[in-house]
Amino acid sequence: MASPIYLGKRSFLLVVGATLILQLSITIHGAGADNSLAIDKTNCPDKCGNVSIPYPFGIGQGCYLHEDFEVQCKNNQASLRTRGSTDQKDDGYSNSNLLDINLLDGEARIQNRVYWSCKNNGSIERNPYDGQVELLLPSFFKVSYTKNKFTAIGCATIANIVGSTDGTTDLNNLHYTGVCASFCDSQHGISKSAVCDGLGCCQTSIPENLSAFHIGLFYTDRLIRSPYVQPFSPCSYAFVVEVSSFKFNTDYALGSNFQNQDRLPLVLDWNVGNEICEQAKKNLSSYACKATNSECINATNGPGYRCNCSSGYEGNPYLSEGCQDIDECDFPLSNPCNGNKCTNRIGSYICSCPAGTRSTDPENIPCTTAIGLSIGIGVGSAAGFILLVLIAIYMTRKMKHRRATNLKRRFFQQNRGQLLEQLVSQRADIAERMIIKVSELAKATNNFDKARELGGGGHGTVYKGIMLDLQVVAIKKSKITVRKEIDEFINEVAILSQINHRNVVKLFGCCLETEVPLLVYEFISNGTLYHHLHVEGPRSLAWSNRLRIAAEIASALSYLHSWVSIPIIHRDIKSTNILLDDTMTSKVSDFGASRYVPLDKSGLTTMVQGTMGYLDPMYFYTCRLTDKSDVYSFGVILMELLTKKKPFSYLSSKGDGIVAHFVNLHGTGNLVEILDPQVMDEGGKEVHEVAVLAVACVMLRPEDRPTMRQADITLEGLLSSNRHAENNTLADGFEEIGNMVMDFPSIDEGQSTGESTQYYSLEQDRPLMLSGSR
């Protein structure tokens, strides 16, 4: 039996250094392993042109798992069967050119249409295929929200995308809306850095679970009177594109013919079923992971699952013999045994030392010869060896701790921690009190267990957490990665940290020491105003609740505008940003787009952000943000409460949006045509007074609108059975405009929507949402 040994200081450092280097090598090898081997069904084509077609995809009957995975191959061009209006065939399907299929990551890249529209001597020229781009994916496919973005190019251009995130297959009944606004500034020109920052080009994220969409464009040069906006190019473009494959060129917005880029890459996420793994495994006949050494992975984009080979195997997990053993020892540049003897085993490998050498850990520590062993001085005791191990453990832990500390410091800087400190510099105690450690949040959410998820979207996921003091909280884990969105995130922290109002959601703290920042809010358990108001059936919120909620929102906005040390404009007031607690008390939330307004200024010039339908048209036209922009959005919420109509999608029989229709009916005394029957049954005289206030709030000229303080006083008066005289006076003042017809733009019969001056109903009368709305 060999005796324990002593190592000199130099030898010890060599051994420890080699161990650390070897661990790094193994980590890199594990991260970079390539499981790209594809095994296909016998007698089935495995390629079309240069595109490999692995099962569950296939060409021809019996070669694919499901008809959704059928690949058409014509003239060496592979294509997937999608549905929509572009290139549509007699069977209702159209083909999207297929670029490649990634079996390991569950992705497929296709070529997708670019929607373009050009003005030529006053007329509009568009794509030859029906003037818009549509895409309806098969049931097992979703548009990747991590690798694609909705993009627009042009000057004085608004592009909108309308889609489905709930599996809707009717392209006329889609509910998700997004908008990208692109302008050209004659003072500063187009972005010299060739990035999509709103000057000549804009981009916005798309949501998870997007399975269908169509795209539209319209021009704004007839609407905008700002001296800074010039129509540099007669053409505008809109498309969903793989971010890594698209680079903006300033020539595109200065007249270059981008129509040549008729198709651009788009990444799809695909799954092999609509069940999670636990459900799919219950039915082995339909369970798609057929290989013996395979495993099931739940989808990360919508419902469903896909398959991968188990660790130590590679190939195609969808075929019974598809996952084959990897010979880990056959990688000379990344030998897993650090140069020691490697013996492959089925699904694994074993490391050992050649004859005449030894190592306490052949996988991580090099084997040494008898001569190398003699470097140790004399024969030691077991205590010496134990001491050596303890020292190595201590050094390893110390290095890990140092790495973790440095990583947290880097994340803090990356997540704009200095910006937070700067924003709350007048209240240094706030930053110290609000910083929460990630370990505490991990415990509160059971290490961010999926079962704790409350909801999420393209911008992040919200978890329910229970803190150490048993307080229930909502933890917002953001997916943001770009500096602009991180600045908005920190902006939300700084604003909410200094707000104390019963109708504003309370922020407990934040965590900046993780790769993406985390926010910790009070837990509001009863959903949003939108979901309580827009329910199926004739009755939803009682009128008394609607009136009280309106007063609470007005109180919160009045507080933000008039009572905090530096006035705050929310900038995205809408029913989905009004939370309701167990007592139906309202809480204004989502301050990511909010802005401070210095006391010596009446407004700010900013890039337009907000939600179309609620967005102040004068802010939209001029980019001038004032507190009256919130007043306009509040007026739209009042109309929503009175009518139970959705502002972003409502259209009258004449094509008017909710604001124009409501104002016109009020002016002609026919408001009963649009009021919710429940409001008419339960409300009294105050219904008319709330309607008068709503019309006043959406006056086209901001100076004609009341302040939120006036609106707050009016609604508080309506809540009281004995109204104060000043409230009656103010309400009477609003009644003076009761018969006024608002000067809203409208579309004449037969007028091209491409040149429409309507701000509430754009291309194809589809609802819009501006990029930046969170």
Side-chain angles (χ1 to χ4, degrees), residues 1-33 310-313 325-412 437-444 446-448 468 513-515:
M1 177 178 177
S3 301
I5 62 168
Y6 289 101
L7 293 181
K9 179 179 180 181
R10 184 175 180 182
S11 300
F12 166 73
L13 293 176
L14 287 173
V15 171
V16 172
T19 301
L20 295 174
I21 292 172
L22 182 57
Q23 288 175 338
L24 177 61
S25 173
I26 293 172
T27 300
I28 294 174
H29 170 67
S310 304
S311 177
Y313 297 85
D325 173 56
I326 300 173
D327 187 353
E328 293 88 351
C329 301
D330 194 24
F331 295 97
L333 296 181
S334 56
N335 189 302
C337 295
N338 195 37
N340 296 333
K341 183 179 179 181
C342 179
T343 305
N344 184 58
R345 290 187 173 181
I346 301 300
S348 64
Y349 61 92
I350 187 171
C351 300
S352 60
C353 290
T357 63
R358 62 170 296 179
S359 171
T360 56
D361 184 3
E363 185 172 352
N364 297 312
I365 301 176
C367 299
T368 55
T369 64
I371 296 176
L373 293 176
S374 65
I375 295 176
I377 303 174
V379 177
S381 65
F385 179 74
I386 293 174
L387 179 61
L388 177 66
V389 173
L390 292 176
I391 293 174
I393 293 174
Y394 170 77
M395 292 184 63
T396 302
R397 288 181 176 177
K398 187 174 182 180
M399 292 180 67
K400 286 183 178 179
H401 177 73
R402 183 178 301 172
R403 280 198 302 268
T405 302
N406 292 337
L407 191 60
K408 289 178 181 179
R409 186 182 299 114
R410 180 166 66 85
F411 285 149
F412 184 81
K437 293 183 177 180
V438 66
S439 57
E440 185 175 348
L441 298 184
K443 291 180 181 178
N446 194 18
N447 202 23
F448 298 100
L468 295 178
E513 62 184 21
T514 55
E515 184 175 4

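Residues Ile386 and Val389 are not in side-chain contact: their nearest non-hydrogen atoms beyond the backbone lie 4.5 Å or more apart. In this structure the side chain of Asn344 never reaches within 4.5 angstrom of the side chain of Ile326, judged on heavy atoms. Residues Ser359 and Pro366 have side chains not in contact (no heavy-atom distance under 4.5 Å, counting atoms from C-beta outward).
When all heavy atoms are compared, the tightest approach of Ser352 to Cys367 is O-SG, 4.1 Å.
Atoms NZ and SG, on Lys341 and Cys351 in that order, are 11.5 Å from each other to the nearest 0.5 Å. Taking NZ of Lys443 as the reference point, atom CG of Leu468 lies at 6.5 Å (rounded to 0.5 Å). A distance of 6.5 Å separates CG in Leu390 from CG in Leu387, rounded to the nearest 0.5 Å. Rounding to the nearest 0.5 angstrom, the gap separating the CD atom in Glu363 from the SG atom in Cys342 is 9.0 Å.
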(message) Checking Ile365 against Thr360 for the side-chain contact (heavy atoms from CB on, under 4.5 Å) test, could you report, in this order, the C-alpha distance in whole Å, the side-chain angles of both residues, the deciding distance, and whether it holds?
(response) CA-CA 7 Å; Ile365 301 176; Thr360 56; 3.6 Å; yes

(request) Applying side-chain contact (heavy atoms from CB on, under 4.5 Å), run through Tyr349 and Asp327 and close with a yes or a no. (result) CA-CA 8 Å; Tyr349 61 92; Asp327 187 353; over 6 Å; no

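Proximity of a side-chain donor or acceptor of Thr357 to a complementary backbone N or O of Pro354 within less than 3.5 Å is detected. Judged purely by atom type and a 3.5 angstrom limit, Asp325 has no side-chain atom pairing as donor or acceptor with the backbone of Tyr313. At least one donor-acceptor pair under 3.5 Å links the side chain of Thr396 to the backbone N or O of Ala392.
Sulfur-to-sulfur, Cys329 and Cys337 sit at least 2.5 Å apart at their SG atoms.
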